[in-house]
Amino acid sequence: MAATAPPATAPPIEPACAGEQPSPAVDPDASADQQPRGIVARLATIRNSSWLVSAVLHLIALIILALLTYRMGGTERGLLIDGAWSGPEPTARLESITIAEATAENQNESQELPVDVENVVVSDQLADASVLAPEQASVMEENSLQGALSGGATRAADHVVFLGGGGMSARTPEGRKKYGDRYGATAASEAAVENALRWLANHQRHDGSWSFDLRLAPCEGRCRHGRKENDDTPTPSTAATGLALLAFLGAGYTSETGPYQDVVQRGLYYLRGTAAQTQFGYDWQQGGSMYGHGIALMAISEALGMTKHDDRYDSDLYHYANLGTRFTVLAQHDNGSWGYTPGSPGDTTLTGWQILSLIGARKAGIQTRSDTFSRAKAFLMSVREEPEFRFGYRSPKAEKTTTAIALALLIYLGQSPGYTLFDEAVDQLAEDGPTLTNVYHDYYATMALHHYRHRGWETWNDQLRDHLVRSQATEGHETGSWHFHDKWGDIGGRVYTTAMCALTLEVYYRFLPLYDQPPEFPL
């Protein structure tokens with residue numbers, strides 16, 4: 001920037017050459033012979049000395065202003081002045097740093113991490129562990145929307161966002177009466193639910209957990225048909241505890257309401273205390289079974305949703321549900337299934353619990369990866385015995401129980417009524433009727449028919465409901481419980497069977513139908 005020139009009337013000032021000695025001051029009273037004869041000296045007269053002083057003062061002022069305005073620097077070669085133009089532009093461009101939100105699209109690195117509990121690294125400070133950020137719901141593409149409206153198969157990730165109903169708002173004394181009357185509960189079935197919950201409460205252990213092994217305290221063998229002896233199938237207490245809690249929650253009993261507040265609270269404390277802290281989130285496998293993790297997460301998620309007040313959550317439950325969900329998402333195999341161990345190829349039954357737990361977490365406000373449900377649906381379709389909607393365990397070799405599981409899951413994943421092949425499969429499910437002994441099949445089939453609002457619901461419900469009321473134990477320490485000899489019932493024993501039967505009898509109000517009129521205040 002050039003310095004401001006002195007006034008035009010001021011005589012020009014010529015700088016001295018390098019190495020020239022400065023001229024001596026001029027004495028106005030000295031004689032002409034004594035005065036200097038250089039050009040500078042001749043110019044320094046009384047008439048122009050004031051202009052010289054003014055010019056020097058202006059130059060000093062400009063230098064000071066420059067120092068205040070510019071950043072100075074330099075090298076051994078001299079002084080460097082670095083400035084920036086600040087002209088009268090109406091807007092200024094500012095550089096900013098944008099921190100990308102952790103979404104499904106930028107989690108590739110996390111997806112590649114091995115999810116083997118034997119090798120996971122425990123986080124020293126869980127608060128510093130990263131979690132998946134909430135995804136943003138996107139607008140449905142036109143072709144997807146047309147599929148949803150026509151009842152055809154759609155992308156699950158899109159359709160799940162659109163699902164209404166299925167909420168837990170009916171889990172109140174008023175809701176139990178209203179929706180129980182509407183969908184088929186009776187006084188006898190409600191009494192059976194209460195008797196089952198009383199039996200479960202009496203079999204809760206001192207640490208708040210439940211065990212499938214009834215040889216242990218507090219039952220100590222007084223009830224028959226605990227878990228199958230000499231069977232190496234993993235039956236973690238996290239699964240038993242989660243199942244028992246789901247039965248209490250399904251009846252509307254939480255740690256804040258109902259006659260079993262202490263029972264539910266101690267059960268939730270146990271699950272929180274047994275959650276293993278890993279770099280991938282909270283893990284409830286307890287010995288290598290994703291059954292335990294999925295069922296425990298489902299109980300935690302439902303408890304979170306039921307204790308929500310307006311927009312306020314139990315922050316502790318939210319913390320566990322959030323990081324438990326993260327573990328489940330990362331444990332999904334590339335083919336969309338879940339296996340006994342994280343990251344391993346799975347089957348329809350294990351995948352069922354994980355899907356339901358994630359849907360429960362989502363209804364409670366926990367976000368998941370955008371492609372989790374679509375990948376899970378792709379797995380189910382990979383074990384479909386085409387062209388019918390019949391499904392196998394790990395292959396398209398169809399089985400009765402896995403078909404019931406898959407049909408219920410597909411309804412949750414967005415398969416709506418109106419698609420011919422799917423409708424025919426649900427019709428066949430209702431026509432075959434309940435097995436009455438395989439509670440695993442009957443539980444999922446009941447959910448499918450309930451959510452579908454199938455025309456054969458009353459016939460199915462009357463048969464299964466009345467059978468469960470009649471077959472409930474009424475004597476001794478077993479009073480209020482159930483046990484049927486079948487593939488899964490022998491493994492889980494009486495605790496498993498009792499919890500599943502209670503959940504089946506709570507279907508009327510536990511989840512409002514997905515394809516019926518939504519409630520006034522769905523959760």
Side-chain angles (χ1 to χ4, degrees), residues 166-168 171 193 196-197 200-201 203-205 207-212 235-258 260-276 281-286 289-308 313-314 316-328 331 338 350 352-366 368 412 443-444 447 492 495-504 506-507 509-511 523:
M168 298 181 286
R171 298 184 186 188
V193 169
L197 297 181
L200 288 171
H203 286 76
Q204 186 179 31
R205 300 195 291 184
D207 61 356
S209 70
W210 279 265
S211 173
F212 292 118
T235 53
S237 60
T238 49
T241 303
L243 270 181
L245 286 174
L246 286 172
F248 288 100
L249 296 170
Y253 300 148
T254 71
S255 58
E256 299 176 349
T257 59
Y260 295 105
Q261 296 178 37
D262 181 63
V263 171
V264 175
Q265 184 72 277
R266 290 195 297 126
L268 292 174
Y269 274 138
Y270 175 79
L271 291 182
R272 287 182 289 192
T274 54
Y282 275 132
D283 168 19
W284 281 287
Q285 290 182 92
Q286 199 180 59
S289 173
M290 284 296 291
Y291 275 114
H293 176 80
I295 297 174
L297 175 60
M298 191 172 175
I300 290 286
S301 298
E302 288 196 11
L304 173 65
M306 293 181 67
T307 54
K308 175 184 176 182
Y313 287 97
D314 181 318
D316 196 34
L317 283 176
Y318 186 91
H319 173 73
Y320 282 89
N322 192 24
L323 292 186
T325 297
R326 181 174 187 255
F327 187 91
T328 302
W338 282 267
L350 269 162
W353 287 109
Q354 313 312 316
I355 291 176
L356 292 180
S357 69
L358 291 178
I359 289 175
R362 187 162 183 165
K363 285 186 176 294
I366 305 297
T368 63
Y412 274 107
Y443 167 74
Y444 276 101
M447 281 203 304
V495 169
Y496 156 81
T497 307
T498 300
M500 293 291 283
C501 289
L503 291 170
T504 302
E506 294 167 354
V507 68
Y509 42 79
R510 182 171 173 242
F511 291 120
L523 290 177

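Index from 1, following the sequence. Computed from a prediction, not measured in an experiment: that's the story for all the values here.
Side-chain contact check for Met447 versus Leu356: some heavy-atom pair is nearer than 4.5 Å. Between Ile295 and Thr238 the shortest side-chain heavy-atom distance does not fall below 4.5 Å. Using a 4.5 Å heavy-atom threshold, the side chains of Met290 and Phe327 count as touching. Side-chain contact between Trp284 and Ile300 is present, with heavy atoms from C-beta onward closer than 4.5 Å. Residues Lys363 and Glu302 have side chains not in contact (no heavy-atom distance under 4.5 Å, counting atoms from C-beta outward). Contact annotation: the side chain of Leu304 never approaches that of Tyr320 to less than 4.5 Å [non-hydrogen atoms, C-beta and beyond]. Proximity of Tyr318 to Ile366: side-chain heavy atoms (C-beta onward) are separated by under 4.5 Å at one or more points.
Under a 3.5 Å cut-off, the side chain of Ser301 and the backbone N or O of Met298 do not form any donor-acceptor pair. Judged by distance alone, the side chain of Thr274 and the main-chain N or O of Tyr270 form a donor-acceptor pair under 3.5 Å. Between the side chain of Thr241 and the main chain of Trp210, a donor-acceptor pair closer than 3.5 Å is present. Under a 3.5 Å cut-off, the side chain of Glu256 and the backbone N or O of Thr307 do not form any donor-acceptor pair. Of the possible polar contacts, none joining the Tyr509 side chain to the Gly252 backbone as a donor-acceptor pair under 3.5 Å is found.
With rounding to the nearest 0.5 Å, the separation of CZ in Arg171 from CE in Met306 is 5.0 Å. Remark: Phe212 CZ to Ser237 OG distance equals 9.0 Å, nearest 0.5 Å. Distance check: Ile359 CD1 to Arg362 CZ gives 8.5 Å after rounding to the nearest 0.5 Å. The distance from atom OH of Tyr412 to atom CD1 of Ile355, rounded to the nearest 0.5 Å, is 11.5 Å. With values rounded to the nearest 0.5 angstrom, Leu246 atom CG is found 10.0 Å from Met500 atom CE.
Pairing each heavy atom of Leu197 with each of Ala251, the nearest pair is CD1-CB, 3.8 Å. The two residues Ala196 and Ala502 come nearest to each other via the heavy atoms CB-CB, 4.1 Å. The minimum heavy-atom distance between Gly250 and Glu506, with the atom names listed, is CA-OE1, 3.3 Å. Residues Ser357 and Leu297 approach most closely at OG-CD2, 3.8 Å, considering heavy atoms. Smallest separation of non-hydrogen atoms from Ser255 and Gln265: CB-NE2, 3.8 Å. The two residues Ala499 and Ala244 have their closest heavy-atom pair at CB-N, 4.4 Å.
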| request: Tell me, with the steps shown, if Thr328 and Trp338 meet side-chain contact (heavy atoms from CB on, under 4.5 Å). | output: CA-CA 9 Å; Thr328 302; Trp338 282 267; 3.7 Å; yes
| request: Decide side-chain contact (heavy atoms from CB on, under 4.5 Å) for His293 and Asp283; before the verdict, give the C-alpha distance in whole Å, the side-chain angles of both, and the deciding distance to 0.1 Å. | output: CA-CA 6 Å; His293 176 80; Asp283 168 19; 4.2 Å; yes
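Checked against Leu200 for a side-chain contact (heavy atoms from CB on, under 4.5 Å), the options Leu245, Val263, Thr498, Leu243 give a single hit: Thr498.
The aromatic rings of Trp353 and Tyr444 lie perpendicular to each other, with more than 60° between the two planes, well past the 30° mark.
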